[in-house]
Amino acid sequence: MEGNYITRQEHDEFARRIEAEGKRRDDENKRQNSRIDTLEENIKEIHGLTVSVERMAVNMENMLVAIERQGNLIEKQNSRIDEIEKEPAKDYKQIKMAIITAIIGTVVGIVIGAVVALL
């Protein structure tokens, strides 16, 4: 049974190696945990950016609808303004036609009166 025993030096060396391996694993775990924490923070930031971009897209869509609605209102107002601007021209044409009709009526009346007076 004497062949199965190890020396104190071998035991101490084995213990140092196990301890070093445990320390290496602990260090590796700390590095990995740190990297995971950093990744989690980055993911939270990316999520926040994603939510912000989504909100911006919704706001832009709403703004587009509002702009289209305003464009339609402006078109209606422009057509009303055009009608209002044409109103004086229509009135002028009616007055001009009335004056021409009156002049023609007067001339015809004078001509008829002259013809009747000659007869």
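No experiment lies behind these values; they were computed from the predicted model shown.
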Engineer: In Å, rounded to the nearest 0.5 Å, how long is the span from CD1 of Ile95 to CD1 of Ile100?
Structural biologist: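 Ile95 atom CD1 to Ile100 atom CD1 measures 12.0 Å (nearest 0.5 Å).
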
Engineer: Please list every donor-acceptor pair under 3.5 Å in which a side-chain atom of residues 110-119 meets a protein atom from a residue at least two apart or in another chain.
Structural biologist:
none

Engineer: In Å and rounded to the nearest 0.5 Å, what is the CD1 to NZ distance from Ile18 to Lys23?
Structural biologist: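 Between atom CD1 of Ile18 and atom NZ of Lys23 there are 15.5 Å.
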
Engineer: How long is the span from the OG atom in Ser52 to the NE2 atom in His47, to the nearest 0.5 Å?
Structural biologist: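 Here the rounded value is 10.5 Å.
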
Engineer: Given Ile104, which partner from the list Val107, Val108, Thr101 fulfils the side chain to side chain contact (heavy atoms under 4.5 Å, CB included) test?
Structural biologist: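 One option only clears the test, and that one is Val108.
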
Engineer: side-chain hydrogen bond (donor to acceptor under 3.5 Å, both in side chains) with Gln32: which residues, sequence neighbours excluded?
Structural biologist: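 side-chain hydrogen bond (donor to acceptor under 3.5 Å, both in side chains) check on Gln32 returns Glu28.
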
Engineer: Just by distance, do the side chain of Glu10 and the backbone of Thr7 share a donor-acceptor pair under 3.5 Å?
Structural biologist: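 Between the backbone of Thr7 and the side chain of Glu10 there is a qualifying donor-acceptor contact (under 3.5 Å).
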
Engineer: At what distance, to the nearest 0.5 angstrom, does CD1 of Ile6 lie from CG of Asp12?
Structural biologist: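 Interatomic distance, Ile6 CD1 to Asp12 CG, rounded to 0.5 Å: 9.0 Å.
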
Engineer: Roughly how far, to the nearest 0.5 Å, is CG of Asp26 from CD of Glu19?
Structural biologist: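 Going from the CD atom of Glu19 to the CG atom of Asp26 covers 10.5 Å.
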
Engineer: Go through Val58 and Glu61 one step at a time and tell me if the side chain to side chain contact (heavy atoms under 4.5 Å, CB included) criterion holds.
Structural biologist: CA-CA 5 Å; Val58 168; Glu61 186 176 327; 5.6 Å; no

Engineer: Hey, can you pull the donor-acceptor pairs under 3.5 Å for the side chains in residues 81-93, sequence neighbours left out?
Structural biologist:
none

Engineer: Distance from Ile43 atom CD1 to Thr38 atom OG1, nearest 0.5 Å?
Structural biologist: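 Spacing of CD1 (Ile43) from OG1 (Thr38) equals 11.0 Å.
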
Engineer: When you measure from the side chain of Ser34 to the backbone of Lys30, do you find a donor-acceptor pair of N or O atoms at a distance under 3.5 Å?
Structural biologist: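 No, because the side chain of Ser34 does not come within donor-acceptor range (under 3.5 Å) of the backbone of Lys30.
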
Engineer: For Glu21, I'd like to know if atom CD has over 12 heavy atoms of other residues, nucleotides or ligands within 6.0 Å.
Structural biologist: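 More than 12 within 6.0 Å, yes.
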
Engineer: Go through the steps to decide whether Arg17 and Glu13 satisfy the test side chain to side chain contact (heavy atoms under 4.5 Å, CB included), and finish with yes or no.
Structural biologist: CA-CA 6 Å; Arg17 285 183 183 174; Glu13 179 63 27; 3.2 Å; yes

